[in-house]
Amino acid sequence: MLIIKNTGSSVVENGFEAREIKYAFHDIDGTHSLIREWPPVMSICLFDVIQNGLPDDFDSAENEKRLIELAGKEKHAETDKFCVESAGLSALTQMEWAIRRAVEDGKISVVCDGNKNSEIIKRIWNGEECFDDCGENREMLDMIENSAPRLFKLYERVLNGYCRDRNLSEAKNNPEKYRVGGSMDFMKFLHDNGVKNYFVTGAVVEKGMGMWEEVATLGYPIGKGEIAEDIIGSTWTQKLPKEVIMRNLCEKLGIDGKNILVVGDGRAEIFAGVEMGAVTVSRLPKSAEYQRRLHKKLGTNIIIEDYNDQEFKKLFE
């Protein structure tokens, strides 16, 4: 049995009542894994769409090479900030935001209700992902449905070329370099004390590939009874917000939030964890001052730089 208590520790930002932790839902990128340096890649891919729209060959090999060369070279105020605000959202939602911004700026021509489109842009910025209540016309919906997965796949290819493939290769020889400090020990600690760990991600999960391959390369065993029971994520075409993934997992396991620990670095998983009444842990570097303020405002219970924090360890018994 593992109990977490609010001991008045310096890492506690919003108080919580003591409770037994039986399950833990963990984000991966930035929370446990450092393999994907995704923000500069996401920013340039979204910036390019807003500036240039979506020409027929936007996902060509030539454009992929161009974006790899541009990634991280310049600051782009709007898309750089969006990457911070949208961390943890489904990648398809992030792609949709850029496409809608291009429509708003007239870089993509499609029949739509401009007011509805602008409202959805604001709602995505504020962390929402589902807009069935808006009643948009079919042409607009079809365009988003067809274009967002293509842009998502282009983004993943640019990410691979920019950092993922190189870092994954290095991680095979030195996995600790690409794990957040104390991550493995923390996961083992939870597992050894009867907690069932689940990884949840906005990335596509295909066994033996992509995110699955990265988690395995970093040394986390995956499977029933292992350190990580399972990895649950999105698909190339179906938007699965963290909130939905976590709610579906709760229903599958027959549990509610009171015995769950949610660990992440994005607003999506922290917001979802707060909503379900879980204890939430935000893993954010001290330099991420804006994100720390945002997570505190969202209601996160605990903010740590890494899992070696002694004040954090004192919360468990």
Side-chain angles (χ1 to χ4, degrees), residues 1-9 11-32 86-90 93 126-130 183 186-187 189-203 205 220 224-234 239-284 291-292 294-304 307 309 312-317:
M1 184 191 307
L2 185 64
I3 304 294
I4 187 168
K5 286 185 177 181
N6 180 1
T7 61
S9 167
V11 300
V12 175
E13 297 291 342
N14 291 287
F16 57 93
E17 61 182 17
R19 80 273 301 273
E20 181 182 1
I21 298 299
K22 297 181 180 179
Y23 297 86
F25 298 168
H26 305 259
D27 175 57
I28 303 171
D29 277 336
T31 301
H32 290 283
S86 67
L89 297 184
S90 164
T93 299
N126 290 326
E128 293 185 53
E129 300 196 65
C130 298
S183 167
F186 179 56
M187 295 286 289
F189 168 76
L190 294 175
H191 179 259
D192 290 346
N193 283 277
V195 177
K196 294 185 182 299
N197 294 303
Y198 289 85
F199 282 125
V200 295
T201 175
V205 172
Y220 303 98
K224 188 172 179 59
E226 298 285 3
I227 286 177
E229 292 278 322
D230 202 358
I231 307 176
I232 303 164
S234 190
K239 186 192 298 183
L240 283 175
K242 292 271 182 71
E243 177 185 1
V244 173
I245 292 173
M246 290 162 64
R247 184 172 65 242
N248 290 345
L249 188 53
C250 285
E251 291 177 359
K252 177 182 176 181
L253 297 171
I255 59 176
D256 59 31
K258 67 181 180 180
N259 299 118
I260 300 174
L261 189 72
V262 173
V263 188
D265 71 331
R267 66 181 294 163
E269 59 266 18
I270 296 302
F271 176 79
V274 170
E275 286 289 294
M276 69 169 60
V279 176
T280 54
V281 179
S282 296
R283 203 304 293 180
L284 296 165
Q291 291 96 318
R292 284 177 168 241
L294 174 62
H295 282 225
K296 184 176 180 179
K297 186 177 179 181
L298 289 171
T300 195
N301 300 115
I302 300 160
I303 299 179
I304 56 171
Y307 307 99
D309 191 300
F312 177 57
K313 292 179 179 181
K314 290 177 183 176
L315 299 176
F316 297 93
E317 65 176 46

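Atoms considered below: every heavy atom in the structure, side chains included; atoms not considered: hydrogens, waters and symmetry mates. Computed from a predicted model, the values in this text were never measured in an experiment.
Checking side-chain atoms of Asn301 against main-chain N and O of Thr280 turns up a donor-acceptor pair under 3.5 Å. Here the side chain of Arg292 pairs a donor or acceptor atom with the backbone of Leu284 at under 3.5 angstrom. A donor-acceptor pair under 3.5 Å links the side-chain atoms of Asn14 to the main chain of Lys296, judged by distance alone.
Between Ile270 and Thr300 the shortest heavy-atom distance is CG2-CB, 3.7 Å. Across Ala278 and Val262, no two heavy atoms sit closer than the pair CB-CG2, 3.8 Å. Taking each heavy atom of Ser90 and Lys239 in turn, the nearest pair found is OG-CG, 3.6 Å. Considering all non-hydrogen atoms of both residues, Ser183 and His32 come closest at OG-ND1, 2.6 Å. Taking each heavy atom of Asp27 and Asp29 in turn, the nearest pair found is OD2-O, 2.9 Å. Of all non-hydrogen atoms in Tyr307 and Thr31, the two that sit nearest each other are OH-O, 2.7 Å.
In this structure, Phe189 and Leu2 have side chains that are in contact, with non-hydrogen atoms separated by less than 4.5 Å. Taking the side chain as every heavy atom from C-beta outward, Met187 and Phe199 approach each other to under 4.5 Å. The closest side-chain heavy-atom distance from His26 to Leu190 is below 4.5 Å. By the 4.5 Å heavy-atom criterion applied to side chains, Arg267 and Leu298 are counted as neighbours. The shortest distance between side-chain heavy atoms of Ile21 and Asn193 does not fall below 4.5 Å.
Atom CD1 of Ile3 and atom CG of Leu315 lie 13.0 Å apart (nearest 0.5 Å). Going from atom NZ of Lys196 over to atom CZ of Phe25 covers 12.0 Å, rounded to the nearest 0.5 Å. Between Phe316 atom CZ and Lys5 atom NZ the span is 13.5 Å, to the nearest 0.5 Å. For the atom pair Asn6 CG and Arg19 CZ, the distance stands at 10.5 Å (nearest 0.5 Å). Note that OG of Ser9 and NZ of Lys313 are 13.0 Å apart. Values are rounded to the nearest 0.5 Å. Taking CD of Glu129 as the reference point, atom CG of Leu240 lies at 9.5 Å (rounded to 0.5 Å).
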When the side chains of residues 243-261 are checked against the rest of the protein, which donor-acceptor pairs come out under 3.5 Å, sequence neighbours left out?
residue : atom : partner : partner atom : Å
Asn248  : ND2  : Val244  : O            : 3.4
Asp256  : OD1  : Lys258  : N            : 3.2
Asn259  : ND2  : Glu20   : O            : 2.8

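Each of His295, Gln291, Glu269 was checked for a side chain to side chain donor-acceptor pair (under 3.5 Å) with Ser282, and the lone residue meeting it is His295.
The environment of NZ in Lys22 is sparse: at most 12 heavy-atom neighbours from other residues, nucleotides or ligands sit within 6.0 Å.
Side-chain atoms of Asn197 and His191 form no donor-acceptor pair, as typed in the model, at a separation below 3.5 Å.
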